[in-house]
Each structure stands twice: as C-alpha cells, then as structure tokens.
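Notes for the one structure printed next.
For ligands, and for the atoms within them, numbers begin at 1 and follow the listed sequence.
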Amino acid sequence: MSVPVSEPAMRQGAPRWPGVIEAYRSHLPVSAQTPVVTLLEGNTPLIPAPALSRKVHPRARVFLKYEGMNPTGSFKDRGMTLAISKAAEAKSVAVLCASTGNTSASASAYAARAGMRCIVLIPSGNIALGKLSQALIHQAAVVPVNGNFDECLNLVKEIAQKFPITVVNSINPYRIEGQKTCAFEICDVLGDAPDLHVTPVGNAGNITAQWKGYREYQAAKRVSRVPVMLGFQAKGAAPIVLGKIVAKPKTIATAIRIGNPASWKGALAAVKESDGAISAVTDKEILQAYMLLAKEEGVFVEPASAASVAGLLKLSAERYFDRQPWKSRDAITIVCILTGHGLKDPERALASVRVPKPVAPTMPALIKRLKLC
Ligand code: F0G
C-alpha cells in the first residue's frame, strides 16, 4: 500500500522560502503558464565578516554573500531555475551547456528534476572533482573535450544551431534574469544597496546579472542608490583587463579559466555605469584569500570565489579607501560574492594544507601528536 506524500506540517507562521522564481515573480519573465522547476534556491546567507572588515579598513563593514549555500553549491542555481523552467514551458526535451563545472552541476540537477536530457561539454582535466561528480550522478551526458572552456562554448553554439536543444549557458537570457535575484536579496537584507559590490568574473554573466538586478531595484524604488561594481579576473585569464582575448587562459581557479567571456560587453557596461572596474588578482592572492576565509571567517569557498576577497584586500593595500568618495564616508558597506562552495574542489583544499599521518590507537601516541604535555 502506498502512503500519500504530503507537505510536512509547518509551524504556524513559520516563513517558508519558495525559491527565487516565486520570491521575485513580479521581477521575472514568468507567467501562470510557466512550470516552475525549483530546488528552492536563493535566500543564501549574507554573513558579516569581522576579521576581513578589520583588515580592509577601520570604516569597512564587509559582508559575504555565500552563494555556495545554493542547492548545487553555486550561484548558478538562481539562473538555472529560470532557464530550465522556461525550457519546460517551451516543451524542450534536452538542454546543453559548456562549463568549467558549476553550470554543468546545476544544469544536470535541474534537468533531472524536469525530466529533461542534459548534455555538458567540459574542458578535460580542468574541472574540479565535486562538480564532475555532480554532473555524472545526475545522469547528464558528460563530454570531456580536449580543449578549453571557450572552445567548448563555441561547439555548444554550433550544436544549438543544428539541433533543437536549448542552451543553458548565460548566453540564454533567462540565466541572467534569474541571477539578478542575488542583488535583490542583498538589498532586501541590508535595506538598501551596498556601497561596493565585489565579484569574481569568468564568463561575465554574473556581474552583468547583478548589475541588472541593482538597476531594476533602483527603478522600482526599492533602493535609493546602486553600488560601485568591482569585478576580479584571475591574472592568467584576464581578457577584460587586457582588452583582448586570451587564447590559452591559465589559473588554479578553474571555474574562471576563461579567455573570451560571452558577456564581455555586459561586464564593461556594469563597471562603466557604476564607476567601478574590472581588475586582476594573481593565483597567489586568490589562494591567500581562500585560506583567510577558511581560517578566520569559517567560510569554505572554492578558489574562484576567493577572487572577490583577494581583490578587495588588494584595493585596501593600494589605499583605495583613503580616496574619494570613500574618504569622507563614516561607514563603507561592502558585499563580496562567494560564488561556490569549497567542497566543490576538495583536491585544492587538501593541496593547501598539511594532511596529517595516522597515529597508533594509544593515548601516549595521541598525547604526543597533540603536544598535550
Ligand atoms: N565563480 C564560480 C565558482 C564559477 O563557477 C564561475 C563561472 C564564476 C565565478 C564566474 O561567473 O562566468 O558569470 O563571470 N562558472 C561558469 C561555469 C563559467 O561553467 O560553471 P561568470
């Protein structure tokens, strides 16, 4: 006999987060006909970062938007709920993406939920273990390509022209629409837009989406201002900073190992309109920020995510906050986007620490190891 599945009893009045489409329906291109495919993404924590704030500036109030707390462990879920819901509305049976890992993890999970086929092209050997296992466990057709992300994306665009498959990379406008909800949430929690919004940049869809979110909230009079947008690329994969395509991008932050970003123009518009900038940080700076977040803030991120914090620390070392307009502010509210969870890349974590050898199962051995006397 089967037992009917029902909603768990909710405590009276306990708020229930409905996922980003329902939470921000009036700001999104959905209708009553759109089947909502959701894993209840969004509503990620905006964590105060006291240790980082002290390092940055005496008047800085730094918050970490921990996007690794989304259902598949990255910000991609915000865009994917919308992209897959709209693909379902259009009766699409298959979706396709190129990915450095997180897009494929998210696409494969949402496609599984929607009962769609999912195809992912990944740069062989350059995707973190956690992300690869996600795409595989959700039964996506994973194709490792002997090439980089940019080559994978070119192939995806070509396949989509020849076959009736929906592309769910951020060239799909619904991805950008969904990802703008990150800015909405930040404003809803802070009560207004922050002074500075700092984010890693790879294919540049996220910074484009976040800026769109702030602008729309300003137009809807939900906030009184918009932030200065600061984006950070990895030094060996910094086409926007250099102003030219990087044919062979290199960085340990594999998520942002991209030489020809699809939303290049969107990123430039965001920083131009907000008086911000796109700059580069070295792998060394990224890893230092990665360790600092883990050791001093208790927040575990993947290396690419630490690019935002690395960039912020770099600006502070360059005395950015002693200049106008920050010089005359009593407090400077800064939000760093932490795009993906540290568990995505366990190999990098283990390579960054000393892995302890086992001890004998005895008290003397344990006491000696822990230097307890
Ligand atoms: N951080 C992480 C953890 C990412 O996975 C990505 C992009 C970014 C930052 C950069 O965001 O591309 O919107 O500028 N990952 C893509 C992927 C490319 O395939 O998962 P972006």
Using distance alone, determine whether [X] and ligand 1 share an N or O pair under 3.5 Å.
{"X": "Gly205", "result": "yes"}
{"X": "Thr339", "result": "yes"}
{"X": "Gly202", "result": "yes"}

How close does the nearest protein non-hydrogen atom get to atom 20 (O) of ligand 1, and which residue and atom is it?
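Looking at atom 20 (O) of ligand 1, the protein heavy atom closest to it is Thr103 N, 2.8 Å.
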
min-distance protein heavy atom vs atom 4 (C) of ligand 1 -> Ala255 CB, 3.6 Å

Pair Ser53-Arg61, side-chain hydrogen bond (donor to acceptor under 3.5 Å, both in side chains): steps then yes or no:
CA-CA 6 Å; Ser53 300; Arg61 284 197 313 152; over 6 Å; no

Among pairs that include at least one residue of residues 129-157, which meet salt bridge (charged side-chain N to carboxylate O under 4.0 Å, His left out), considering only residues two or more places apart or in two chains?
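Qualifying pairs, neighbours excluded: Lys131-Glu302.
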
Could you walk me through whether His197 and Gln210 pass the side chain to side chain contact (heavy atoms under 4.5 Å, CB included) test, one step at a time?
CA-CA 9 Å; His197 177 103; Gln210 292 157 349; 2.8 Å; yes

Min heavy-atom dist Ala204 to ligand 1 below 4.0 Å
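A heavy atom of Ala204 does come that close to ligand 1.
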
Yes or no: does Lys76 have any heavy atom under 4.0 Å from an atom of ligand 1?
yes

I'd like the name of whichever of Asn169, Val301, Ile258, Asn206 reaches closest to atom 13 (O) of ligand 1 through any heavy atom.
Asn206

Ser99 and ligand 1 - part of the residue with a heavy-atom distance under 4.0 Å:
both

Residue pairs passing the ring pair (Phe, Tyr, Trp, His ring centres under 6.0 Å) test where at least one lies in residues 124-179, sequence neighbours excluded
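For residues 124-179: none.
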
Do His341 and Tyr66 make the cut of ring centroids closer than 6.0 angstrom?
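For His341 and Tyr66, the ring centres are under 6.0 Å apart.
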
